[in-house]
Amino acid sequence: MNKDPYGHLATALQSSFHKHTKQALSGVGAVLGTITSTGLKLDDFKHELQDYLVAELPGLLSVPRHMYKGTSTSVESENWEGKELKTSFYIGEDELEDVNLSLNKGLKPRDRVLAVRVNSGNDVVVVCKVVNGRG
């Protein structure tokens, strides 16, 4: 039986690297989950998390020109009392500064979300809500 010490060393190193790499990456990456009434349940973790983070998206909101249709009423004038006028309001293109999209306020139990593990897998951040691509 021919023993190759270098081959044995290479196999041992490869096995060790594989084990450490797998261990290091096991708690990192994106995962799907579900919001519950008391926390977050990740698809690849059997326990529910009560302590998790939710992303907020601060920035500048650009709003294109748009139109609102509605009904106007006036109670200050005798001639208008009880009457309605159908009207349209045109709002010009605008940019709103210091806008903050708070994802946390829009999440409800049973919503599917995309979460990312951070801090070596010690924290989970919900990045967005996930919906069916077919509507």
Side-chain angles (χ1 to χ4, degrees):
M1 181 158 98
N2 187 0
K3 292 188 177 187
D4 179 13
Y6 298 109
H8 182 69
L9 176 63
T11 302
L13 285 173
Q14 182 181 15
S15 175
S16 179
F17 285 147
H18 181 266
K19 178 182 171 186
H20 288 295
T21 302
K22 186 175 178 182
Q23 192 176 38
L25 294 177
S26 66
V28 181
V31 62
L32 290 173
T34 304
I35 298 294
T36 68
S37 60
T38 57
L40 171 65
K41 172 68 178 80
L42 298 177
D43 289 1
D44 67 351
F45 190 64
K46 69 178 185 176
H47 301 291
E48 182 181 271
L49 305 172
Q50 279 81 35
D51 187 23
Y52 62 95
L53 305 166
V54 179
E56 285 191 352
L57 306 172
L60 176 73
L61 177 64
S62 296
V63 182
R65 183 175 189 264
H66 57 284
M67 178 180 64
Y68 289 111
K69 291 183 179 182
T71 304
S72 296
T73 59
S74 177
V75 294
E76 295 177 10
S77 172
E78 294 177 19
N79 297 335
W80 280 91
E81 196 166 322
K83 295 183 181 177
E84 294 182 350
L85 175 66
K86 291 184 180 180
T87 187
S88 300
F89 297 97
Y90 290 92
I91 309 298
E93 184 177 317
D94 199 5
E95 289 186 343
L96 305 172
E97 294 182 15
D98 300 325
V99 175
N100 192 31
L101 178 60
S102 296
L103 180 63
N104 195 28
K105 297 184 190 318
L107 295 175
K108 299 179 294 291
R110 296 194 340 232
D111 280 348
R112 296 287 288 157
V113 295
L114 178 66
V116 178
R117 290 184 177 94
V118 294
N119 296 333
S120 301
N122 293 321
D123 293 315
V124 175
V125 178
V126 174
V127 178
C128 64
K129 180 178 173 180
V130 179
V131 295
N132 188 326
R134 289 166 276 178

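None of the values given here were measured: they were computed from a predicted structure.
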Got [X] and [Y] here, is their nearest side-chain heavy-atom distance under 4.5 Å?
{"X": "Leu60", "Y": "Leu96", "value": "no"}
{"X": "Met67", "Y": "Phe89", "value": "no"}
{"X": "Val54", "Y": "Val125", "value": "no"}

Roughly how far, to the nearest 0.5 Å, is the [atom2] atom of [Y] from the [atom1] atom of [X]?
{"X": "Leu101", "Y": "Glu56", "atom1": "CG", "atom2": "CD", "value": "8.5 Å"}
{"X": "Thr38", "Y": "Lys41", "atom1": "OG1", "atom2": "NZ", "value": "12.0 Å"}
{"X": "Asn122", "Y": "Arg117", "atom1": "CG", "atom2": "CZ", "value": "11.0 Å"}
{"X": "Tyr52", "Y": "Asn104", "atom1": "OH", "atom2": "CG", "value": "6.0 Å"}
{"X": "Ile91", "Y": "His66", "atom1": "CD1", "atom2": "NE2", "value": "5.5 Å"}
{"X": "Glu48", "Y": "Ile35", "atom1": "CD", "atom2": "CD1", "value": "9.5 Å"}

Query raised in the report: So if you build clusters from Ile, Leu, Val, Met, Phe, Trp, Tyr with side-chain heavy-atom gaps below 4.5 Å, do Val31 and Val130 land together?
Result: no
Report task. Find out if a path of hydrophobic residues (ILVMFWY) with successive side-chain heavy-atom gaps under 4.5 Å connects Leu42 to Leu103. Result -> yes
Under 3.5 Å, which donor-acceptor pairs link side chains of residues 106-116 to any protein atom two or more places apart or in another chain?
residue : atom : partner : partner atom : Å
Asp111  : OD2  : Lys108  : N            : 2.8
Arg112  : NH1  : Gly33   : O            : 3.3
Arg112  : NH1  : Thr34   : OG1          : 2.8
Arg112  : NH1  : Asp43   : OD1          : 3.0
Arg112  : NH2  : Asp43   : OD2          : 2.8

Query raised in the report: Hey, is the main chain of Gly39 close enough, under 3.5 Å, to the side chain of Thr36 for a donor-acceptor pair?
Result: yes
Report task. Please check if atom CD in Gln14 has more than 12 non-hydrogen atoms from other residues, nucleotides or ligands closer than 6.0 Å. Result -> no
Report task. Would you check, one step at a time, whether the test side-chain contact (heavy atoms from CB on, under 4.5 Å) holds for Asn100 with Asp98? Result -> CA-CA 6 Å; Asn100 192 31; Asp98 300 325; over 6 Å; no
Report summary line: side chain to side chain contact (heavy atoms under 4.5 Å, CB included) test vs Val124 passes for just one of Leu53, Asp51, Leu49, namely Leu49
Report task. Please report the shortest heavy-atom distance between Pro64 and Ser62, naming the atom on each side. Result -> CD-O, 3.9 Å
